[in-house]
S.K.: 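Next up is a structure, given as structure tokens.
One-based numbering, in listed order, for ligands and for the atoms of each. Given the structure is predicted, the values throughout are model-derived calculations rather than measurements. Just so it is clear, the values below take in all heavy atoms, side chains as well, and ignore hydrogens, waters and symmetry mates.
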Amino acid sequence: MGVLNLTPDSFSDGGRFVKRDRALQHAISMVASGADILDVGGESTRPGSRKISDNEELDRVIPVISELANNVDVPISVDTRKACVAEEALKNGASIVNDVSGLSCDKKMADTVSRYNSHVILMHMRGVPENMQLCPRYKDVLKDVIKGLRLSIKAALEAGVRRGSIIVDPGIGFGKTVKHNLTLLNNLDKIAALGLPVCVGVSRKAFIGKILNKKDPGQRIFGTLGSCAAAIVRGARILRVHDVREVKELSLVMDSILKEKAVTV
Ligand code: HH2
């Protein structure tokens, strides 16, 4: 899943794709590099970021989504916590809603996903972007994340979303310390045991910078590749990334290896 941030302030690519023609060009080049899904977002959710207005988010994402829908063959996902943005995006060609709040931010979101028969990514987040990294604490991060995801799944099913349309995501970096992130990544198989496809967003994130002592997100590509490899081994099915070509090659090789079973043990 290739990330298209139409934001001035995203942590790794803020401002690069605010101009519509550059955004479209970048989206098309991600598809050419092997992206199977495009995730279009108009609001940064980096730690400390503030919510923007409905109109601002609509103005940023809807024209690009409708243009992309006419120009690319891959499914388009809208990265939003707002039901009104999800609804307009679904009307204009998106078919997946990526809600980093796991349906908890906007009461109308579950119903919107259900009415449009959309796929949905339910991500786990502790707190809100404004405060989520201030002091994240869990008794048992894996258990708590699974419990949170179960609640989101229940809300989706109760609103009429089909189980087959649901994808779950542990929310790497969303109210989590470096150790929390590493524990979740090394135990993704327990999240996959929920029986739903797992999406993971590790791309260029701060935990990689902390391990490698790299402040510039653009310098975290090898770290991203290592994290994606670990996530694949532990059962991730969708990798949300900025560096599509690199991650595509990594995952094609990993898939080729992992599908070979030994005849004898
Ligand atoms: N991470 C970000 C945004 N959306 N969605 C899912 N499902 N999983 C993630 O891990 C995830 C996400 C944050 O990354 P990015 O979009 O690059 O930055 P920003 O929020 O600053 O725009």
Side-chain angles (χ1 to χ4, degrees), residues 1-18 23 26-27 30 35 37-52 56-57 60-61 64 75-82 85-86 89 94 96-105 109 113 118-130 132-133 145 148-149 152-153 156 166-176 180-181 184-185 188 191 196-209 216-218 220-221 223-224 227-228 231 236-244 247:
M1 171 189 261
V3 179
L4 183 62
N5 282 324
L6 308 174
T7 52
D9 56 343
S10 285
F11 79 94
S12 92
D13 54 1
R16 282 188 65 201
F17 307 112
V18 173
H26 182 56
M30 286 195 286
I37 305 172
L38 291 174
D39 188 40
V40 183
E43 180 182 66
S44 172
T45 47
R46 73 183 193 288
S49 60
R50 298 237 170 139
K51 269 194 124 172
I52 58 168
E56 199 167 355
E57 195 173 334
R60 286 182 189 173
V61 298
V64 174
I76 299 166
S77 154
V78 59
D79 185 346
T80 186
R81 293 177 281 171
K82 299 186 179 89
V85 175
I96 305 171
V97 175
N98 175 20
D99 182 355
V100 298
S101 81
L103 303 178
S104 69
C105 183
M109 188 63 109
V113 170
S118 164
H119 289 264
V120 65
I121 302 176
L122 303 174
M123 199 197 80
H124 176 275
M125 168 161 59
R126 166 73 56 93
V128 287
E130 287 93 314
M132 66 189 180
Q133 288 307 106
V145 166
L149 289 175
S152 295
I153 295 165
I166 302 175
I167 296 152
V168 290
D169 185 325
I172 297 301
F174 285 82
K176 280 119 190 158
H180 293 145
N181 291 323
L184 290 167
L185 285 170
L188 273 187
I191 295 173
L196 298 168
V198 177
C199 171
V200 191
V202 290
S203 192
R204 303 182 179 187
K205 281 192 176 166
F207 77 96
I208 297 171
D216 174 3
R220 299 175 187 161
I221 298 177
T224 298
S227 315
C228 285
R237 294 276 302 281
I238 300 175
L239 304 166
R240 181 185 181 279
V241 296
H242 304 85
D243 306 290
V244 171
V247 174

S.K.: Any ion pair linking Glu130 and Arg50 (charged N to carboxylate O, less than 4.0 Å)?
M.R.: no

S.K.: Could you list the atoms of ligand 1 found under 4.0 angstrom from a heavy atom of Ser10?
M.R.: 19 (P), 21 (O), 22 (O)

S.K.: Please could you name the atoms of ligand 1 that Asp169 approaches to less than 4.0 Å, counting only its heavy atoms?
M.R.: 6 (C), 7 (N), 8 (N), 9 (C)

S.K.: Please list, in number order, the atoms of ligand 1 under 4.0 Å from a heavy atom of Ile121.
M.R.: 7 (N)

S.K.: Taking everything shown except Arg46 itself, do over 12 heavy atoms lie less than 6.0 Å from its CZ?
M.R.: yes

S.K.: To which protein heavy atom is atom 21 (O) of ligand 1 closest, and what is the distance rounded to 0.1 Å?
M.R.: Ser44 OG, 2.7 Å

S.K.: Verify side chain to side chain contact (heavy atoms under 4.5 Å, CB included) between Ile191 and Leu188, making sure each step is shown before the conclusion.
M.R.: CA-CA 5 Å; Ile191 295 173; Leu188 273 187; 4.2 Å; yes

S.K.: List the steps, then state whether side chain to side chain contact (heavy atoms under 4.5 Å, CB included) holds for Gln133 with Phe174.
M.R.: CA-CA 7 Å; Gln133 288 307 106; Phe174 285 82; 5.7 Å; no

S.K.: Before giving the answer on salt bridge (charged side-chain N to carboxylate O under 4.0 Å, His left out), spell out for Arg81 and Asp99 the whole-Å C-alpha distance, their side-chain angles and the decisive distance to 0.1 Å.
M.R.: CA-CA 5 Å; Arg81 293 177 281 171; Asp99 182 355; over 6 Å; no

S.K.: With a 4.0 Å heavy-atom cut-off (strictly under), which part of Asp79 contacts ligand 1: side chain, backbone, both or neither?
M.R.: side chain

S.K.: Any idea which protein heavy atom is nearest atom 10 (O) of ligand 1, and the distance to it?
M.R.: Lys205 NZ, 2.7 Å

S.K.: Tell me whether ligand 1 is touched by His242 - counting only heavy atoms on the residue side and a distance under 4.0 Å.
M.R.: yes

S.K.: Could you tell me whether Arg240 approaches ligand 1 through its side chain, its backbone, both or neither, with non-hydrogen atoms closer than 4.0 Å?
M.R.: side chain

S.K.: Val145 vs Lys176, test: side chain to side chain contact (heavy atoms under 4.5 Å, CB included). Steps then yes/no.
M.R.: CA-CA 10 Å; Val145 166; Lys176 280 119 190 158; 4.1 Å; yes

S.K.: Is it true that Arg240 and Asp169 make a salt bridge, defined as a side-chain N closer than 4.0 Å to a carboxylate O?
M.R.: no

S.K.: Would you compute the distance between atom CG of Leu149 and atom CG of Leu196 and round it to the nearest 0.5 angstrom?
M.R.: 9.0 Å

S.K.: Considering the heavy atoms of Thr45, write down every atom of ligand 1 situated less than 4.0 Å from one of them.
M.R.: 3 (C), 19 (P), 20 (O)

S.K.: Go through the steps to decide whether Val3 and Ser203 satisfy the test side chain to side chain contact (heavy atoms under 4.5 Å, CB included), and finish with yes or no.
M.R.: CA-CA 9 Å; Val3 179; Ser203 192; 5.6 Å; no

S.K.: Suppose we measure from atom 5 (N) of ligand 1 to each protein heavy atom; which comes out shortest, and what is that distance?
M.R.: Asn98 ND2, 3.0 Å

S.K.: Closer than 4.0 Å to some heavy atom of Phe11 - which atoms of ligand 1 meet that?
M.R.: 14 (O), 15 (P), 17 (O), 18 (O), 21 (O)

S.K.: Pick one of side chain, backbone, both or neither for how Met123 approaches ligand 1, counting any non-hydrogen atom pair under 4.0 Å.
M.R.: side chain

S.K.: May I ask you to identify, for Val100, whether its side chain, its backbone, both or neither come under 4.0 Å of ligand 1 on a heavy-atom basis?
M.R.: side chain

